[in-house]
Amino acid sequence: MSSRIAVLPGDGIGPEIIAQAVRVLEALDLGLEFTEAPVGGAAYAAQGHPLPPSTLDLARHSDAVLFGAVGDWKYDHLERSLRPEQAVLGLRKALGLFANLRPAILYPELANASSLKPEVVSGLDILIVRELTGDIYFGQPRGVRTVSDGPLAGERQGFDTMHYAESEVRRIAHVAFQAADKRSRKLCSVDKANVLETSQFWRDIVIDVAREYPQVELSHMYVDNAAMQLVREPKAFDVVVTGNLFGDILSDEAAMLTGSIGMLPSASLNASKQGLYEPSHGSAPDIAGKNVANPLATILSAAMMLRYSLNQAPAADRIEAAVQSVLARGLRTSDIYEAGTTQVSTSEMGDAVLQALE
Ligand code: NAD
């Protein structure tokens with residue numbers, strides 16, 4: 001049976017980069033069935049909502065969603081619920097996407113793009129697994145209240161609630177152990193168990209889940225130390241699993257180690273391995289429509305889609321090898337260009353990946 005892919009290009013550079021990823025997927029001849037729908041600002045302009053019911057319905061009934069990016073300054077005046085970015089949150093919620101997988105890979109050819117010394121970071125290949133639907137971001141109660149007693153009595157106070165249920169920790173731990181099992185079998189769980197009850201609970205559950213994966217070596221690190229070690233010796237990590245708040249910060253830190261946001265894919269998965277695949281960057285309205293955006297993050301997101309949702313690991317390997325080979329040939333979009341390499345457009349980069357596939 002062919003797999004159904006919902007293609008949601010979105011705004012800004014979204015349509016340009018998605019077009020290249022779809023060309024690459026089509027060239028693999030896997031019998032995928034693509035259906036396109038508007039999302040974000042484009043959907044608001046066409047149908048009055050950033051995530052119209054027809055788009056949501058398509059996503060729900062697809063095996064995977066290939067997502068470009070959403071957002072444009074021209075929609076900044078809209079009330080929050082109608083802003084393009086709400087489409088991402090709506091899709092995460094509707095599809096139950098609880099596991100965010102963000103690889104941070106620095107191809108040796110791009111080592112100079114990092115702000116770290118090439119010898120520290122060249123060849124970096126880590127995977128951050130971030131829990132996406134729990135933690136202090138969604139805990140209730142939250143708000144602003146007036147303190148009723150103690151030294152701060154009478155003052156206004158902002159507050160949030162951090163919590164994780166056992167099932168939430170277990171399911172993200174399983175995703176992380178399984179990902180680690182397919183890589184170098186090293187998993188580091190990041191928490192703040194020396195201070196936070198939620199983190200100690202997280203750690204206890206992760207240790208319990210680890211008994212099902214004796215082949216994976218589990219370690220633990222406090223988040224402040226992890227933030228330091230990511231800069232000091234990033235290659236010591238392989239797979240990192242952490243909660244929503246710490247993962248938000250660490251995954252951006254890891255992404256910036258590579259220095260090339262246009263290269264980084266991401267995946268968000270639910271319990272039935274249905275997933276939303278998108279580049280880690282935004283819609284880059286400053287360069288939209290100019291055929292200069294780097295399509296590789298989106299093409300690599302398509303490879304993740306094949307690996308994690310469609311059970312097509314060999315095809316994913318082929319795409320990743322093709323990307324590696326165009327970089328080795330010295331082809332660069334403007335964001336990763338340096339002297340001595342050849343600057344190409346978005347579509348020329350797509351052409352080169354197609355050629356490398358052959
Ligand atoms: P951005 O990632 O869109 O752009 C940051 C910088 O990186 C810009 O200079 C841009 O030109 C460059 N850049 C990004 N992707 C690139 C690529 N593929 N090739 C070459 N250069 C690239 O972040 P921003 O400017 O903060 O946000 C722009 C819009 O994107 C906002 O509306 C924001 O809300 C939205 N956004 C959307 C998502 C998403 O769709 N998931 C994520 C982040 C930001």
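Ligands are counted one by one from 1 in listed order, and the atoms in each one are counted from 1 as well.
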> For ligand 1, which part of Asn294 has a heavy atom less than 4.0 Å away: the side chain, the backbone, both, or neither?
Replying inline: both

> Do any N/O atoms on His281 end up under 3.5 angstrom from N/O atoms on ligand 1?
Replying inline: yes

>> Considering only residues two or more places apart or on different chains, which pairs with a residue in residues 236-263 satisfy salt bridge (charged side-chain N to carboxylate O under 4.0 Å, His left out)?
In response: Arg102-Asp252, Arg130-Asp248, Arg183-Asp238

> Among Glu16, Lys290, Glu85, Met263, whose heavy atom sits nearest atom 32 (O) of ligand 1?
Replying inline: Glu85

> Tyr75 vs Tyr44 aromatic rings, parallel, tilted or perpendicular, using cut-offs 30° and 60°?
Replying inline: perpendicular

> How many angstroms lie between OG in Ser251 and CD1 in Ile128, if you round to the nearest 0.5 Å?
Replying inline: 6.0 Å

>> Could you tell me if the side chain of Thr298 sits less than 4.5 Å from the side chain of Ile18, heavy atoms only?
In response: yes

>> Could you check whether atom 24 (P) of ligand 1 has a protein contact, counting only heavy atoms that fall below 4.0 angstrom?
In response: no

> Could a heavy atom of Pro285 be found less than 4.0 Å from some atom of ligand 1?
Replying inline: yes

>> I want to confirm something. Looking only at heavy atoms, which of Leu264, Asp76, Asp286, Leu8 is nearest to atom 11 (O) of ligand 1?
In response: Asp286

> Which value, rounded to the nearest 0.5 Å, describes the distance between Glu217 atom CD and Leu187 atom CG?
Replying inline: 10.0 Å

>> Under a 3.5 Å threshold, yes or no: a donor from one side chain and an acceptor from the other, between Tyr277 and Ser309?
In response: yes

> Do you see a protein non-hydrogen atom under 4.0 Å from atom 37 (C) of ligand 1?
Replying inline: yes

> Any idea which of Gly282, Ser334, Ser283 brings a heavy atom closest to atom 29 (C) of ligand 1?
Replying inline: Ser283

> When only distance counts, is Val70 in polar contact with ligand 1, meaning an N/O pair under 3.5 Å?
Replying inline: yes

> Under 4.0 angstrom from atom 27 (O) of ligand 1, is there any protein heavy atom?
Replying inline: no

> Is the NZ atom of Lys235 crowded by more than 12 outside heavy atoms at less than 6.0 Å?
Replying inline: yes

> Just wondering, are more than 12 heavy atoms of other shown residues or ligands nearer than 6.0 Å to CG in Asn311?
Replying inline: no

> Does any N/O atom on Ala284 come nearer than 3.5 Å to any N/O atom on ligand 1?
Replying inline: yes

>> Are more than 12 heavy atoms, taken from residues, nucleotides or ligands other than Asp149, located less than 6.0 Å from that residue's CG atom?
In response: no

> Evaluating non-hydrogen atoms only, which member of Leu276, Leu89, Ile287, Asp11 is closest to atom 22 (C) of ligand 1?
Replying inline: Ile287

> Among protein heavy atoms, which sits nearest to atom 7 (O) of ligand 1, and what does the distance come to when rounded to 0.1 Å?
Replying inline: Ile261 CG2, 4.1 Å

>> Within the 4.0 Å heavy-atom shell around Glu278, which atoms of ligand 1 are there?
In response: 41 (N)

> Does some non-hydrogen atom of the protein lie less than 4.0 angstrom from atom 5 (C) of ligand 1?
Replying inline: no

> Just which atoms of ligand 1 are under 4.0 Å from any heavy atom in Ala69?
Replying inline: 40 (O)

>> Taking 4.0 angstrom as the limit and counting only heavy atoms of Asp72, give me the atoms of ligand 1 inside it, by number and element.
In response: 32 (O)

> Do the side-chain N and O atoms of Ser283 and Asp11 include a donor-acceptor pair separated by under 3.5 angstrom?
Replying inline: no

>> Tell me whether the NZ or CZ atom of Arg142 lies within the 45° cone about the ring axis of Phe159 and under 6.0 Å from its centre.
In response: no

> Nearest protein heavy atom to atom 9 (O) of ligand 1: under 4.0 Å?
Replying inline: yes

